[in-house]
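One structure is given below, encoded as structure tokens.
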Amino acid sequence: MSADQPSRNPDPSAPPHRYTAALADAIETRWQQRWEAEGAFRQPNPGEPGFDAARPKFYCLDMFPYPSGAGLHVGHPEGYTATDIVCRYRRMHGFNVLHPMGWDAFGLPAEQYAIQTGVHPVLTTRRAIDNFRRQLKRFGFCYDWSREFGTVDEDYYRWTQWIFLRIYGSWYDAERGRARPIEELVREFESGEREPCLNPNAAEYTGAGDIASDKPVMPWSQMHDDTRRMIVDSYRLAYVGAQTVNWCPKLGTALANEEVIDGRSERGGFPVFRKPLRQWMFRITAYAERLLRGLDTVDWPESTRTQQAEWIGRSDGAEVEFEIPGTLPLRVFTTRPDTIFGATYMVVAPEHPLVDAALDYPGPETDVDALRAYVQAARNRSDVERQESREKTGVFTGVYVRNPATGERIPVWTADYVLMGYGTGAIMAVPGQDQRDWDFARAFGLPIVRTVQPPPGFGDEPYLGDGPAINSDFLDGLHVAEAKQRIIAWLEEKGVGRRRVNYRLRDWLFSRQRYWGEPFPIVWDERGRHHPVADDALPVRLPELADYQPVESDEPVPLLAKATGWLRTTAGEAGVRTLPPDAPVTREANTMPGWAGSCWYYLRYCDPRNAERFVGEAAERYWMQGTPPLRGGSVSTSPSAPPSANGAGGVDLYIGGAEHAVLHLLYARFWHKVLFDLGLVSTDEPFARLFHQGLITSIAFQRPDKTLVAIDQVDLVYCNAIPKDFDVGHGREDELLQLPSEVELAIYKAPTLKSTTQAEDEKQLVTVDRLTRAEIRWLQQDVFFYHESDSRLKRVDPTVAKMSKSLRNVINPDDVIAEFGADTFRLYEMYLGPLEAAKPWNPRDITGLFRFLQRAWRLIIDEETGEPRLTDGANGARSASECPSPDSPAANPIEKLLHRTIAKVGADVERLAFNTAIAAMIEFVNAATAAGGLTRSQADRFARVLAPFAPHLAEELWAKLGGRGFVSHAPWPDYDEAMLHDDEVEIAVQIAGKVRAKVVVPADADAARIESIALADAKVQEAIAARPVRKVIVVPGRLVNIVVG
RNA sequence: GGGCCUGUGGCGGAAUCGGCAGACGCGGCGGACUUAAAAUCCGCUUCCCCGAAAGGGGAGUGUGGGUUCGACUCCCACCUGGCCCGCCA
């Protein structure tokens, strides 16, 4: 703690052993050193010395941080404190606890920072990690730091690359519903068991709709090697595909849609083009159904499961073929095949092959110039731009198809509201039952036929609801669900359609043109074919690069292409066995995206130093599945062995932000399922229980027009003395504050983000009587003002806002720890409110938790001597003689309350309700203080209850009380169930729903007895006032409700 | 446009299964201690009305309806604030 930091209680006259910030700092750093020196939280693995197989396991994971140069913000310790409390609590219950921490350190921000400052990301990342580690250790979190690693460590990304190769070397067997090694596919082709044709389920081939149905022209053995390769590659779970991206030549990189504004880059304003780019893709779509179904097996927040399900976006419908005379049919996907009789025209995406065909071989009605102009304009527009305007645009292609249901010839249009990336890139337009089709038909004068009868009085708009079919031949009268079944059966019978499930999920674009990421373990030969680097040649190290400025180019050039010495090598040098050693090769110069490292880090924590395997089998099984370690050597896991029997399990508790609800959690599940299918991990899902901590927000101020005011941009004033019915003129911008004439304002700068008690010269706004100079305090209402630039005083309202640099409302955890200590910080964040809720940081409130720790300390420790001050057990008893044996308790209310506190805190920790657990401890300390103190046994047990929350203070108390070892290792105290119940309870008596009296009844009284006691009560009789009693409801232990006539 | 969440004193929040609304903390007010202040300790603190006080009465969990002996809690509609997804056929 630096000397100029403010600290609590600087008063030298305070007792020498008061719990001050300085004492907290001394206690906390001392215990942190002892924990570290003695390896207090080191958790051995099965088979290691000190491992206790008799204990149950608990794997509790935090989302590891991206170590930015800015250091921790207050959101990090929120989730980390929560898991820390649960881990400490479970450890005290005798669990083997795996509680690791590491660094998600590859990624864009470090690289951007390097570009700006010229400092290499290796250095900035190392510095940021050191700072994060220092900050986290200062919180006293019980991580097993011996398991720490970063995703940038060669020992780690070596295995990230290894897993990539496993995915690359796998295909998804749709019949068996799981991934298998690619060699098994090749064997099936060789044996003739499987027809050697392109993968019919490959997204990159289904768009056009034709290739997939091609039958093989020759057996596998006679195929050219390149043909075989193309077929095999079409099955790989990692494949090279062409994806249209936003390409910015000036920045030399592809940009996300969010980074492109009006066709220019958000940063720099450089032009951006849509360009197909050769990219590594993951066939995550193969897992769509598994990823969807798995959501039912995990204990996750409902909202997150819903979000993932919607992201996957399953829709059930049909694929229908519309005949085009003289060529292949146009295939569409629809969720409403029942409306096919109302399909009056077709629309294809501007990128659809049919459009190109129409341009190359225009029909008599094709307006080639208009079509070409429209298509070019549409293709160059980004998705974002396409969505900006809902105005329907489009051009007729000149092509007609035949509606298989009506037999009618209907026109094919192209329009950019149809997307090439979904379904088949073509739709049948049914304006009668679809808003978009309706709008389009209206705009271009196309016919509208209703095929579902709308309810009477329905307006001039498409009808999306249920109703009997009309104008639909044999479907007429059927409701939607039944009509769907009937028409699908009909389509299948006619051979022009089939039932089909479609997913919104797209394949995962996995390569970036950046420097600061994992290199791919792939090389390209001279003929442009990819080859894997052999497992034993890993890692493919990220080359040193002095210049990581983006490459300015019209053609995509990944940054690693600058490392020419690294880039061009030979197969032997690169460790590629599928080519002769002297064959020249070019390394894959793309890098993996930031998500890669976080897809499997939870597995590495189980066994982070393993040099032979990405995670040891026994360790993985023990921590992920809970299966006891197997004796007598290794288990055979042939890659093709079926997945282990149940596959249930995963990380027991995973806490992190909801911003990862979809991407990280979906990507990690995908990798995990591939590893599971290959028999490399033992569970089907990685995270059994997931929880999101809420965002910690801060304050900002809002002008009447709702614009936000940064807290230091204006001269803020804090006031709690405005008369409550005083109108401060909120409504008009230019209205000045007008106070009654006898009042003048004394205005001081407000200490908005510091605790008010520390502010000495930063006085609050007060109102002063002009005659007497006396301070006037009317009421308890917070009113805030600021000086506008014209120096007029105006009112602003405090509001909740995200912490941001621009609003100057960011809290630095280091400052808070310096002022109060880590234990207070931990308690404060946990006391703020429910863990999952968004909560505003209010510096004013921190002091309450600090005072609680002070009272807890003073309850047990004499502030003069620093030694325990304990009572003989008569505390709270009516008299010492009534309480013969110290903690026995019947007559000792503090003992009873302690039992209840132990029970309450334990139950609350289990349900992650830390705020109410802390409230219970505060109540206990207050009651015990009032009662005069605790016995040694009570103090001992209380220290253990406090330990998960304020571990440093608890260790200090424990040591002073003569406890052995660490309180962190002490068992959680027991409670006596009998102590939780009173002999007598006070229950409320309601007359007609209003509480009119309270009566005391024996706790075990039955309903009839309670009723008679209640009715006998004088107040009750008075309230009934001789009205007839209609009914009496008795809820034992709660209340009596008397219904009168 | 769709989906999800949210709304309780001056503030953060509590009420775990439909059963005494406001636990606990902050802030505020009053008191003790002190030359004084800070710190600490004690008491009061949802609002309104009556009362010197003890006490009594009424209202009350965003708004309006409903179910129920009883609703912060369940149902319907609406409003506020927030988050997510968006022409997904």
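These numbers come from the heavy atoms of this one structure, side chains and all, not from hydrogens, waters or symmetry mates. First the proteins, then the strands, lettered A, B, ... as listed; each starts at 1. A quick note: this is a predicted structure, and the numbers were derived from the prediction, not measured.
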May I have the distance from [X] (atom [atom1]) to [N] (atom [atom2]), rounded to whole angstrom?
X: A:Arg1030; N: B:G70; atom1: CZ; atom2: P; answer: 12 Å
X: A:Lys904; N: B:A23; atom1: NZ; atom2: C1'; answer: 9 Å
X: A:Glu836; N: B:G82; atom1: CD; atom2: C1'; answer: 15 Å
X: A:Gln308; N: B:C4; atom1: CD; atom2: P; answer: 17 Å
X: A:Leu505; N: B:C85; atom1: CG; atom2: P; answer: 15 Å
X: A:Asp908; N: B:A23; atom1: CG; atom2: C1'; answer: 12 Å
X: A:Gln307; N: B:C85; atom1: CD; atom2: C1'; answer: 8 Å
X: A:Met830; N: B:G12; atom1: CE; atom2: C1'; answer: 14 Å

Need one value for [X]: base, sugar-phosphate or nothing, where a base atom within 4.0 Å counts as base even if backbone is also close, heavy atoms only.
X: A:Val1035; answer: base
X: A:Asn926; answer: sugar-phosphate
X: A:Leu1039; answer: base
X: A:Lys994; answer: sugar-phosphate
X: A:Arg305; answer: nothing
X: A:Asn1041; answer: base
X: A:Leu832; answer: sugar-phosphate
X: A:Thr929; answer: nothing
X: A:Asn915; answer: sugar-phosphate
X: A:Arg911; answer: base

Think [X] has a side-chain N or O under 4.0 angstrom from the OP1 or OP2 of [N]?
X: A:Arg844; N: B:G25; answer: no
X: A:Tyr422; N: B:A89; answer: yes
X: A:Gln435; N: B:G1; answer: no
X: A:Ser303; N: B:C83; answer: no
X: A:Arg1038; N: B:A15; answer: no
X: A:Arg851; N: B:C26; answer: yes

What integer number of Å spans the [atom1] atoms of [N] and [M]?
N: B:G22; M: B:G12; atom1: C1'; result: 13 Å
N: B:G28; M: B:C47; atom1: C1'; result: 16 Å
N: B:C44; M: B:C26; atom1: C1'; result: 16 Å
N: B:U61; M: B:U8; atom1: P; result: 11 Å
N: B:A32; M: B:A38; atom1: C1'; result: 15 Å
N: B:A14; M: B:C20; atom1: C1'; result: 14 Å
N: B:G43; M: B:U6; atom1: P; result: 36 Å
N: B:U80; M: B:A23; atom1: C1'; result: 28 Å

Return the nearest nucleotide to the side chain of [X]; candidates are [options].
X: A:Thr335; options: B:C24, B:C87, B:A89; value: B:A89
X: A:Tyr831; options: B:C69, B:G12, B:G13; value: B:G12
X: A:Trp311; options: B:C20, B:G12, B:G86; value: B:G86
X: A:Gln990; options: B:G58, B:A21, B:C87; value: B:A21
X: A:Thr916; options: B:A15, B:C24, B:C87; value: B:A15
X: A:Pro834; options: B:G13, B:G3, B:C88; value: B:G13
X: A:Lys839; options: B:G13, B:C69, B:C24; value: B:G13
X: A:Lys802; options: B:C83, B:C26, B:C87; value: B:C83
X: A:Ala919; options: B:A23, B:G58, B:C87; value: B:A23

Step through the shown structure and confirm whether more than 12 heavy atoms of other residues, nucleotides or ligands are within 6.0 Å of [atom1] on [X].
X: A:Glu1022; atom1: CD; answer: no
X: A:Arg911; atom1: CZ; answer: yes
X: A:Arg1030; atom1: CZ; answer: no

Quick check: does any side chain N or O of A:Lys839 sit under 3.5 Å from a backbone N or O of A:Pro834, one acting as donor and the other as acceptor?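 Looks like yes, one N/O pair under 3.5 Å.
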Base-pairing mate for B:G27 - Watson-Crick or G-U, with both contacts under 3.5 Å: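 Paired with B:G27, as far as the under-3.5 Å criterion goes, is B:U45.
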Anti versus syn assignment for B:G86, with syn defined as within 90° of 0: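 Base orientation relative to the sugar is anti.
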Assign B:C20 to syn or anti; the rule is syn for a glycosidic angle within 90° of 0 and anti otherwise.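 With its glycosidic angle more than 90° from zero, B:C20 counts as anti.
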Is A:Arg855 side chain donor-acceptor paired with the B:C41 base, going by distance under 3.5 Å alone?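 Under the 3.5 Å cut-off, the side chain and the base do not form any donor-acceptor pair.
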Do A:Trp841 and A:Asn809 come within less than 4.5 Å of each other through their side chains, counting heavy atoms only?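 Counting from C-beta outward, A:Trp841 and A:Asn809 never come under 4.5 Å.
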Trace of the salt bridge (Lys or Arg N to Asp or Glu O under 4.0 Å) decision for A:Asp1017 with A:Lys1019: CA-CA 6 Å; A:Asp1017 187 81; A:Lys1019 272 187 161 174; over 6 Å; no
Rounded to the nearest 0.5 Å, how far does CZ of A:Arg18 lie from CZ of A:Arg858?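 Separation between the atoms: 5.5 Å.
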To check you understand the geometry: which heavy-atom pair defines the closest contact between A:Ala288 and A:Ile312, and what is its length?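 So the two residues come closest at O-CG2, 3.7 Å.
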Which comes earlier along RNA chain B counting from the 5' end, the contact point of A:Val995 or that of A:Arg858, where each point is its nearest nucleotide?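 Comparing both residues, the 5'-ward one is A:Val995.
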Map A:Pro840 and A:Asn502 onto RNA chain B by nearest heavy atom, then report which one ends up closer to the 5' terminus.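 Checking each residue's closest nucleotide, the 5'-ward one belongs to A:Pro840.
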Between A:Glu321 and A:Arg498, does a salt bridge (Lys or Arg N to Asp or Glu O under 4.0 Å) hold up when you go through it step by step? CA-CA 9 Å; A:Glu321 287 175 0; A:Arg498 63 201 71 89; 3.7 Å; yes
Centroid separation under 6.0 Å, is that true for the rings of A:Phe942 and A:Phe924?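 Yes, the ring of A:Phe924 comes within the 6.0 Å limit of the ring of A:Phe942, centre to centre.
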